Every structure is written in structure tokens, then in C-alpha cells.
2 protein chains.
Amino acid sequence: MAKRKETSTNHMNREYINDECGIAYAIDIMAGRWKLKILYKLEKKTMRFRELKERIPNITDRMLTLHLQELEADGLISRTVYAEVPPRVEYQLTESALLLIPVWDQMNEWGHQHREKQRQSVDLAVKPAS
Amino acid sequence: MAKRKETSTNHMNREYINDECGIAYAIDIMAGRWKLKILYKLEKKTMRFRELKERIPNITDRMLTLHLQELEADGLISRTVYAEVPPRVEYQLTESALLLIPVWDQMNEWGHQHREKQRQSVDLAVKPAS
DNA sequence: GCCATTACTTACATTTTTGTGTGTATCATA
DNA sequence: TATGATACACACAAAAATGTAAGTAATGGC
């Protein structure tokens, strides 16, 4: 896991915020670059490491590993190891993560709409008289 | 605004993800350290810079400025400047941001519950036989 | 013995975010 | 003339996140 300095102001502020605010905590554990992609893939079915890697363009082994570890530590996914060679490891959403799916759907909806609105207003700002 | 290097792989991956995934985009624009605190304060009423600063312990002028600018650029808050001395600037949520409130409430609920579950399972892992 | 496969790990570099401290323009008031 | 209030800006430092490249253990098949 990426080591963090537990005495930094940065770290302490993060803890303080996540500790008193449920949304901030929720956002914090979902906010890694590829985390939502991973969760979204696992929403459909349990998958192996290599499977995820193939279905998420541009992600590297390292980032996938890091994010999977953090998601597991944060209770969003669970990991099942099979005693085989070559190794087989399967990832799936936890019960807790499943509860979030409807919320994700709403956020997705909102995200798409808001992004469109934003694009339009940016376009207007760039060429106001067209 | 914090300058970003538009040619970095980091930056391009972010764009690629936010571009095709509504949730990732939504999370991305809400995910700054103090952003949800700010939004949460503004949910109740419009506020001035100094007012926000006083109500958000530990935040610095700089972080408040940066986040307010980013939230404005991302269409979550709007800024009103009054021609007075000393200056008066008021911030409020946009229509778009207001639509998110019910989603925030659900995430908040989930966050509190999940954090409790997490704490319990971590406690169990540390002292399994108590 | 050599290679392939899988799920990682490690060391290091780059980019981004966050934090610290100080400075600025404006005008009213003391 | 000096001070205070407001909403920032600027330069710099520290920490955290992300990216790049290479390596590892285990074992079955050739």
C-alpha cells in the first residue's frame, strides 16, 4: 500500500473530515483514479485480476493491485484465493458495496447531465455570439 | 488554479475516465479535501468567504480559494461579487448542485453505516478472541 | 532444463494535491 | 498617518497519488 505519513497535517485533516462526515468518507474511499471503473466491472460479475486488467484499458498492474488492496481494506470488495498454479484470485463486491449501486446509478445519471450542461456553458463562454 | 500538465499520462487517463463515466466525473469534481464540507455549508445558506473560513476548522485561505474556484469552474457553486469596500463575495449552490442533495444524503447515510461496520471488523481482526 | 502463466512486488520518477507564510488593493475609520 | 477588514494572489515546501519498468514464486508442459 502506498505509505502515508501519519503525522502530517494533510493526513490529520483527512482523518478529521472523514471521521465526522459520512459523505466525505464515502467519496474518499471511492476516489482513486480507477476505483469506480473496477467497481463498475465487478458490479456485473466476480472477476480475476487479469480479467479486470484486460477490461480496463490503460490501467497498469501496479495501479490495479494498489486499488484492489485499498478497496478490500475499505470493505468494498472481497478477495478469494484458490490454491492453484498458476494462481487464481477472484474479486467481488461486498454486501455493503452492493447497497451503493442505486446511489451510483443516480450519480451516474447526474454526472452525464451535468457534464453536458457544463460543456454547453463552456462553449458559450468561448464563442458567445455564434 | 493549480496548474496541471495537460500532456501527462496522469492527466490523459483522468480525462479518458471522466469522459466516459458519469460517476467517475461526479466523484472527481467533488473529491477535493474540503469540497464536501464547503458544499455542505452552502447547502444551508449562501455564505461569504470569511464566513465559510470560520465555519470550517483547519482550512486555510489558500485551500478555500482553490476549492471555491474549482467548484465554480465545475458548475457546483456560483459567485456573486458586491461592489463594496471591504469586498463582499457570496457563494451559493447552483441548481445542478441542488439536484445532488438527495444523493448526498443517501451517501452520507451509507458512509456512516459502512464506517461503523468497518470499525467493528477491524477491531475483530486486532483482538479476535475477546 | 526452459518457458509460459498468474498475481503480484519493488524501486524509482513524475505529476498532482495540500500546506505554510507572506503580500496586495480598496476605502472607512481612528 | 496608521490600522483594520475582506478576499484573495504568490512563492515555496511537503506529502500523496500516479506512472514506468523490471523482477518474483510456483508449477505444469515441452
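All values derive from a computational prediction rather than experimental measurement. Protein chains get the first letters and strands the later ones, always in sequence-line order, with residue 1 at the start of each.
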Send over the distance from [X] [atom1] to [N] [atom2], rounded to a whole Å.
X       : N      : atom1 : atom2 : answer
B:Arg4  : C:dT17 : CZ    : C1'   : 9 Å
A:Leu68 : D:dT18 : CG    : P     : 14 Å
B:Ile59 : C:dT18 : CD1   : C1'   : 11 Å
A:Ile29 : D:dA17 : CD1   : P     : 14 Å
A:Glu90 : C:dA7  : CD    : C1'   : 13 Å
B:Lys35 : C:dT16 : NZ    : C1'   : 12 Å
B:Glu70 : D:dC8  : CD    : P     : 14 Å
B:Asn18 : C:dT16 : CG    : P     : 13 Å

Checklist outcome for this item: Taking D:dA17, D:dT18, D:dA15 as options, the one with an atom nearest any side-chain atom of A:Lys5 is D:dA15
For residues 10-17 of chain B, please give each side-chain donor-acceptor pair under 3.5 Å, one per line with the distance, not counting sequence neighbours.
| from | atom 1 | to | atom 2 | distance (Å) |
| --- | --- | --- | --- | --- |
| B:Asn10 | OD1 | A:Arg33 | NH2 | 2.2 |
| B:His11 | ND1 | B:Glu6 | O | 3.4 |
| B:Arg14 | NE | B:Asp28 | OD2 | 3.1 |

Checklist entry - Which residues, if any, of residues 45-54 of chain A bring a heavy atom under 4.0 Å of DNA chain C? => result A:Arg48, A:Phe49, A:Arg50
Checklist entry - How would you list, by chain and number, every residue that makes a ring-ring contact (aromatic ring centres under 6.0 Å, His included) with A:Trp110, sequence neighbours excluded? => result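 With neighbours one apart ignored, the set is A:His114.
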Next on the checklist: Enumerate the ring-ring contact (aromatic ring centres under 6.0 Å, His included) contacts for residues 81-108 of chain A, please, sequence neighbours excluded, ordered by first and then second residue.
Outcome noted: none
Item to check | Atom CD of B:Glu95 with >12 non-hydrogen neighbours under 6.0 angstrom | outcome: no
Item to check | side-chain N/O A:Gln69 vs C:dC8 OP1/OP2, d < 4.0 Å | outcome: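 Looking at the OP1 and OP2 atoms of C:dC8, neither is under 4.0 Å from any side-chain N or O of A:Gln69.
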Checklist entry - Are B:His67 and C:dT17 close enough that a side-chain N or O sits under 4.0 Å from OP1 or OP2? => result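 It does not, given that no N or O in the side chain of B:His67 lies less than 4.0 Å from OP1 or OP2 of C:dT17.
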Qualifying residues under side-chain contact (heavy atoms from CB on, under 4.5 Å), relative to [X], sequence neighbours excluded:
X        : answer
A:Lys45  : A:Met47, A:Glu51, A:Arg55
B:Glu109 : B:Gln113
A:Glu72  : A:Ile77, A:Arg79
A:Asp61  : A:Phe49, A:Arg50, A:Lys53

Checklist entry - With a 4.0 Å cut-off on heavy atoms, is A:Ser8 in touch with a base, just the backbone sugar-phosphate, or nothing at all? => result sugar-phosphate
Item to check | Minimum heavy-atom distance between B:Ala26 and A:Met107, given as atom pair plus value | outcome: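 That would be CB-CE, 3.9 Å.
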Checklist entry - What are the two closest non-hydrogen atoms of A:Ile59 and A:Met63, and how far apart are they? => result CG1-CB, 4.0 Å
Checklist entry - When you check every protein heavy atom under 4.0 Å of nucleotides 19-26 of chain D, what one-letter string (B, S, -) results, 5' to 3'? => result BB-----B
Checklist entry - How far does the helix from C:dG1-D:dC30 to C:dA30-D:dT1 bend, going by the axes of its first and last five pairs, to the nearest 10°? => result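 Angle reported: 30°, given to the nearest ten degrees.
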Checklist entry - Charged N to carboxylate O under 4.0 angstrom, A:Glu43 versus A:Lys41? => result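 Not counted as a salt bridge, because no side-chain N and carboxylate O are separated by less than 4.0 Å.
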Item to check | Pair B:Asp74 + A:Arg119, salt bridge at N-O below 4.0 Å | outcome: no
Checklist entry - Is there a donor-acceptor contact under 3.5 Å from the side chain of A:Gln120 to the main chain of A:Arg115? => result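 Not a single qualifying donor-acceptor pair exists.
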Item to check | Close residues, residues 74-82 of chain B, relative to DNA chain D [heavy-atom separation under 4.0 Å] | outcome: B:Arg79
Next on the checklist: Which residues pass the side chain to side chain donor-acceptor pair (under 3.5 Å) test with A:Asp105, not counting sequence neighbours?
Outcome noted: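 Once residues adjacent in sequence are excluded, A:Asp105 has no partner under the side chain to side chain donor-acceptor pair (under 3.5 Å) criterion.
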